[in-house]
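Since the structure is predicted, the reported quantities are computational estimates derived from the model, not experimental observations.
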Amino acid sequence: MRSIYAKLVLWAVGVSVLSLVGFIATFWYLEEPHPGRRGFINGLMSLQLEGARRALADGGPDRLAAYLRTLNEDFRVEHHLVDRNGLDLVDGRDRSDDLARASSSPHPPAPRASGGQAAKLAVDDGPRLLVLIPRPPRWTTTLPYYLWIIVPVLGLLYALAVHLARPLLSLRRAVDRFGRGELSTRIGSQRRDEIGELARAFDLMAQRIESLMAAERRLIQDVSHELRSPLTRLGLAVRLGRDGGDCQKAMDRIKRETDRLSSLVDELLRLNSAEEDAASRGRDEVPLHDLLRSLVDDCAVEADAKRCRLELRVAAPATILGDLELVRRAVENVLRNAVRHSPADMPVEIDLRSDGSTATITIRDHGPGVPDDALTAVFKPFFRIEGDRSRSSGGVGLGLAIAERAVRLHDGAIAAANAHPGLQVNIRLPVVTSRDSSP
């Protein structure tokens with residue numbers, strides 16, 4: 001059986017049947033005589049008989065009547081002291097019929113009386129103690145009065161089944177719609193139990209997948225746009241060469257556009273590498289101060305070509321745990337972007353600081369900066385600022401996007417701000433503590 005709803009309903013029926021059987025067994029046990037209980041009752045009646053005889057001998061019928069009234073109140077049954085012929089020794093009534101029913105055996109097992117009473121007798125030489133016990137109702141008679149309990153029990157169990165099964169059905173329908181491409185499907189559960197947590201986990205997963213799919217669509221659109229222009233120019237250059245035009249100029253154009261396409265493909269591959277699962281990549285200790293010195297040496301040639309200088313300041317060494325290549329690529333992209341937009345004879349400043357838990361790398365150029373409303377957009381793929389930071393700068397708009405995703409995979413943060421003049425980019429990464437670095 002695969003339906004949780006059917007399982008819960010059958011479970012409810014089983015619990016109800018078990019409760020009913022328990023009722024019947026309990027009634028039967030309480031109604032039927034048992035040897036141990038019978039012996040206890042007979043012993044108790046012998047004590048009561050002795051007390052009644054003593055009361056009769058000490059105070060006559062009045063003292064006996066008071067004693068029997070006390071027994072009746074304490075045990076809620078009728079006690080009578082009779083002689084051998086069934087004559088009541090208190091009021092003189094003839095109780096021979098009750099005596100005959102009770103005297104069928106020396107210790108009768110509570111025989112049934114047609115008048116609704118069971119008679120018990122304590123027998124000894126002399127007067128007898130006759131006890132008339134109200135007959136308890138049989139379980140077959142009283143059980144129907146308890147059957148109403150089954151109705152609310154079944155109702156409550158049915159409500160429990162609906163309470164548990166309905167949200168699961170909603171979740172199944174939501175998953176089905178999401179699988180058919182309705183990426184905006186959400187459950188929006190307000191439950192506080194495990195089912196609610198499952199629904200919220202689905203909503204979070206759906207939101208992330210929708211964001212990733214939207215980002216992928218935008219990326220494909222951007223890539224298509226970026227590829228269209230160089231491919232168009234390549235076609236024009238080829239046509240120019242075939243039509244007898246300046247072949248050298250056409251070849252130069254083909255070379256430039258080919259280099260541009262190659263650069264675009266290389267950047268896309270790097271962007272895809274930055275999207276990889278960080279858990280699948282190796283994690284090693286990366287000394288940021290050594291990494292920055294190495295990158296400054298590597299970028300020195302570009303800085304000399306731009307006639308700008310690189311100034312590195314390390315306030316305190318810092319080591320992080322991560323993928324060396326990804327961290328290098330992130331910082332290098334930001335640094336080369338700063339060199340690309342730095343004016344001649346102006347420095348590009350690289351600072352490293354650490355507060356013991358977070359390392360901060362600050363890279364600042366003295367160029368034109370970016371509009372304030374574009375400070376977050378510069379980290380999106382293919383985003384570029386028209387004007388000073390234009391296509392003529394040579395980039396394809398993926399460097400800062402790669403840096404942002406690489407930093408994010410290392411549980412860090414990256415942000416840009418205008419430094420007036422220039423653009424300042426801050427990269428924050430968690431450092432390795434002594435406990436983290438211990439084996």
- Query: What are the two closest heavy atoms between A315 and R353, and how far apart are they?
  - Reply: CB-CG, 4.1 Å
- Item | Passing option when V327 is tested against D284, L288, L409 for side chain to side chain contact (heavy atoms under 4.5 Å, CB included) | L288
- Item | R428 (side chain) donor-acceptor with A415 (main chain) under 3.5 angstrom | no
- Message: Between the side chains of D298 and R328, is the shortest nitrogen-to-carboxylate-oxygen separation below 4.0 Å, so that they form an ion pair?
- Response: yes
- Message: Restricting to non-hydrogen atoms, name the atom on E285 and the atom on V432 that form the minimum distance, rounded to 0.1 Å.
- Response: OE2-CG1, 4.1 Å
- Item | Straight-line distance of T362 OG1 to N426 CG, nearest 0.5 Å | 4.0 Å
- Measure the spacing between CG of L352 and CD1 of I427 and express it to the nearest 0.5 Å. 10.5 Å
- Query: Say you draw a straight line from CD1 of I363 to CG of N337; how long is it, rounded to the nearest 0.5 Å?
  - Reply: 9.5 Å
- Message: Whether R293 and D290 form a salt bridge (side-chain N of Lys/Arg under 4.0 Å from carboxylate O of Asp/Glu) is what I want to check.
- Response: yes
- Note on the structure: Nearest heavy-atom approach of A406 to A330 is CB-CB, 3.9 Å
- Any side-chain heavy-atom pair from I361 and D351 closer than 4.5 angstrom? no
- Task: Would you indicate whether the side-chain heavy atoms of E311 and V296 approach each other to under 4.5 Å?
- Result: no
- What do the steps show when you test E50 against R54 for salt bridge (charged side-chain N to carboxylate O under 4.0 Å, His left out), and what is the final call? CA-CA 6 Å; E50 181 181 352; R54 187 182 304 114; 3.0 Å; yes
- Query: Heavy-atom count around R180 CZ within 6.0 Å, excluding the residue itself: above 12?
  - Reply: yes
- Message: Quick check: closest heavy atoms across A318 and V431, and the distance to 0.1 Å?
- Response: CB-CG1, 4.2 Å
- Message: I'd like to check V334 versus L400 (side-chain heavy atoms, cut-off strictly below 4.5 Å). Are they in contact?
- Response: yes
- Below 4.5 Å, heavy atoms only, C-beta onward: do H341 and L423 meet side chain to side chain? no
- Item | Gap between atom CD1 of I195 and atom CD1 of I187 - 0.5 Å precision | 10.5 Å
- Message: How long is the straight-line distance from CZ of R307 back to CE of M346, given to the nearest 0.5 Å?
- Response: 13.0 Å
- Are D372 and L375 close enough, and set up right, to give a side chain to side chain contact (heavy atoms under 4.5 Å, CB included), and what steps lead you there? CA-CA 6 Å; D372 290 339; L375 289 174; 4.1 Å; yes
- Message: Side chains of D355 and T360, heavy atoms from C-beta outward: is any pair under 4.5 Å?
- Response: no
- Item | Flag, side chain of N333 to backbone of R329, donor-acceptor distance under 3.5 Å | yes
- Message: If you count heavy atoms of other groups shown closer than 6.0 angstrom to CZ of R191, is the number above 12?
- Response: yes
- Query: Is D203 paired with R186 through a side-chain N to carboxylate O contact shorter than 4.0 Å?
  - Reply: no
- Message: Do L324 and L291 have side chains that approach each other closer than 4.5 Å (heavy atoms only, starting at C-beta)?
- Response: yes
- Task: Kindly compute the distance separating CZ (R69) from CD (E78), expressed to the nearest 0.5 Å.
- Result: 14.0 Å
- Message: Donor-acceptor pair, distance only, cut-off 3.5 Å: does the side chain of H366 make one with the backbone of P347?
- Response: yes
- Do any N or O atoms from the side chain of R364 and from the backbone of P421 form a donor-acceptor pair under 3.5 angstrom? yes
- Task: Apply side chain to side chain contact (heavy atoms under 4.5 Å, CB included) to the pair M45 and L49, showing each step before the final yes or no.
- Result: CA-CA 6 Å; M45 291 177 62; L49 174 58; over 6 Å; no
- Note on the structure: Residues P430 and H410: closest non-hydrogen pair is CD-O, 3.5 Å
- Message: Show the nearest heavy-atom pair for residues I414 and A403, with the distance to one decimal.
- Response: CD1-CB, 4.2 Å
- Message: Using only atom types and a distance under 3.5 Å, with no angle test, would you say the side chain of D323 pairs donor to acceptor with the backbone of E325?
- Response: yes
- Item | Within-4.5 Å side-chain heavy-atom neighbours: F75 and V131 | no
- Message: Is it the case that the side chain of S342 and the backbone of A338 share a donor-acceptor pair, with hydrogens and angles ignored and the cut-off at 3.5 Å?
- Response: no
- Spell out, as yes or no, whether a donor-acceptor pair under 3.5 Å connects the side chain of D365 to the backbone of V339. no
